[in-house]
Amino acid sequence: MKGFLTPHPDGRPFVMGVLNVTPDSFSDGGRFIDVDAARDHGLALLEEGADILDIGGESTRPGARPVDEIEEMDRVLPVIEAIRAMRPDAIVSIDTMKPDVAGAAIGAGAWMWNDVNALRGEGALDCAADLQCAVCLMHMQGEPGSMQDAPAYENVVTEVAQFLGRRAGAAMSAGIAKEKIWLDPGIGFGKTLAHNLALMAALEHFAGFGFGLLFGASRKRFIQAIDETAASAQDRLGGSLAAALHAARAGASIIRVHDVRETVQALKVQAAIANAGR
Ligand SMILES: Nc1nc2[nH]c(SCC(=O)O)nc2c(=O)[nH]1
């Protein structure tokens with residue numbers, strides 16, 4: 001595929017494994033990040049079949065404490081370096097809104113800047129163009145801390161599509177090559193259940209823009225809104241797989257998930273069935 005990614009022979013999309021490097025994810029409840037635990041989890045996700053590791057050092061959960069760029073870099077850089085020391089072939093994306101964090105991560109060998117803020121930060125577009133890295137431009141309404149308070153749209157599909165079109169145009173005008181741009185509707189980022197469902201139902205529309213389509217619904221809250229037994233993130237595997245398979249059928253080329261082994265298996269079976277039917 002574009003740049004580092006080699007297409008799967010069965011045509012299935014790439015799986016992006018989520019590696020959150022935030023205090024509540026790996027430390028023993030303390031303040032410090034356990035780099036070795038994060039490294040080992042990333043290596044395990046690669047073993048499970050992840051094509052890409054999405055490494056993020058700042059939680060975007062509503063109410064999460066903002067992190068300054070030094071602290072964010074201190075979290076993610078040692079983990080990128082530790083993983084790539086063991087797996088130089090590892091393809092890494094950096095999940096950050098900060099140009100300096102992205103620049104340091106790309107400098108440490110990351111391939112993609114995954115920006116939930118769609119490069120709207122000051123200097124972000126020019127930084128991404130200078131880095132010549134792949135980028136993911138994701139739609140978010142408002143800010144992480146308050147985006148779920150009262151999301152509202154005239155027509156969520158039209159508005160998100162128009163936003164992504166504008167950001168892709170801005171990225172190309174800044175000098176980022178079209179084949180290095182992925183778009184993402186941002187499930188759960190300033191959306192109600194109805195908004196999320198409308199976006200997922202219209203996913204083919206986003207795939208038709210001619211850019212890569214990146215999709216992330218894994219373990220998200222909307223699954224609990226549909227199945228109230230899915231109270232905790234770990235109880236949402238079925239819904240996550242359903243959304244991943246739907247996105248694959250709709251043309252997503254990268255699917256961002258926590259449960260890599262299960263998703264890879266589901267996508268392999270889906271591709272085998274589709275290929276048998278040809
Ligand atoms: N591109 C992209 N990046 C992301 N980073 C997160 S963090 C929240 C969570 O994993 O629940 N979600 C996404 C997503 O959906 N798309």
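In listed order, ligands and their atoms are each counted from 1. Starting from 1, each residue takes its place in the sequence as its number.
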Phe189 near ligand 1 by a heavy-atom separation under 4.0 Å
yes
If you measure only the distance, is there a donor-acceptor pair under 3.5 Å linking the side chains of His8 and Lys268?
no
Is it the side chain (CB and beyond), the backbone, both or neither of Asp54 that lies under 4.0 Å from ligand 1, heavy atoms counted?
neither
Nearest protein heavy-atom contact for atom 10 (O) of ligand 1: which residue, which atom, what distance?
Arg256 NH1, 2.9 Å
For atom 2 (C) of ligand 1, the closest protein heavy atom turns out to be Asp184 OD2, 3.2 Å
Salt-bridge criterion met for Asp184 and Arg256 (N-O under 4.0 Å):
no
Tell me which one of Gln141, Gln148, His139 satisfies side-chain hydrogen bond (donor to acceptor under 3.5 Å, both in side chains) with Lys191.
His139
May I ask you to list the atoms of ligand 1 that are less than 4.0 angstrom from any heavy atom of Arg61?
11 (O)
Nearest non-hydrogen protein atom to atom 9 (C) of ligand 1, with distance, is Lys220 CE, 3.7 Å
Taking the non-hydrogen atoms of Leu214, is any one of them nearer than 4.0 angstrom to ligand 1?
yes
Looking only at protein heavy atoms, which one is nearest to atom 5 (N) of ligand 1, and how far off is it?
Asp95 OD2, 2.9 Å
Look only at the side chain of Glu159 and the backbone of Tyr153, and say whether a donor-acceptor pair between them is shorter than 3.5 Å.
no
Give the atom numbers and elements of ligand 1 that come within less than 4.0 Å of a heavy atom of Met138.
2 (C), 14 (C), 16 (N)
Atoms of ligand 1 under 4.0 Å from any heavy atom of Cys136, numbered from 1 in the order shown, are 1 (N)
All heavy atoms of Leu213 vs all of Pro185, minimum pair found to be CD1-CD, 4.1 Å
As an exercise, identify every atom of ligand 1 less than 4.0 angstrom from a heavy atom of Thr60.
7 (S), 8 (C)
Aromatic ring pairing Phe206/Phe209, orientation class (parallel under 30°, perpendicular over 60°, tilted between):
tilted
Contact check, side chains of Asp51 and Ile91, non-hydrogen atoms, under 4.5 Å
no
Salt bridge (charged side-chain N to carboxylate O under 4.0 Å, His left out) between Arg12 and Asp10, intermediate numbers included
CA-CA 6 Å; Arg12 71 181 189 276; Asp10 65 3; 3.0 Å; yes
Counting from 1 in the order shown, the ligand 1 atoms closer than 4.0 Å to a non-hydrogen atom of Asn114 are 1 (N), 2 (C), 3 (N)
Distance under 4.0 Å to a non-hydrogen atom of Val116: what atoms of ligand 1 satisfy this?
3 (N), 4 (C), 5 (N)
For the residue pair Arg236 and Asp259, establish whether any side-chain heavy-atom pair is separated by less than 4.5 Å.
no
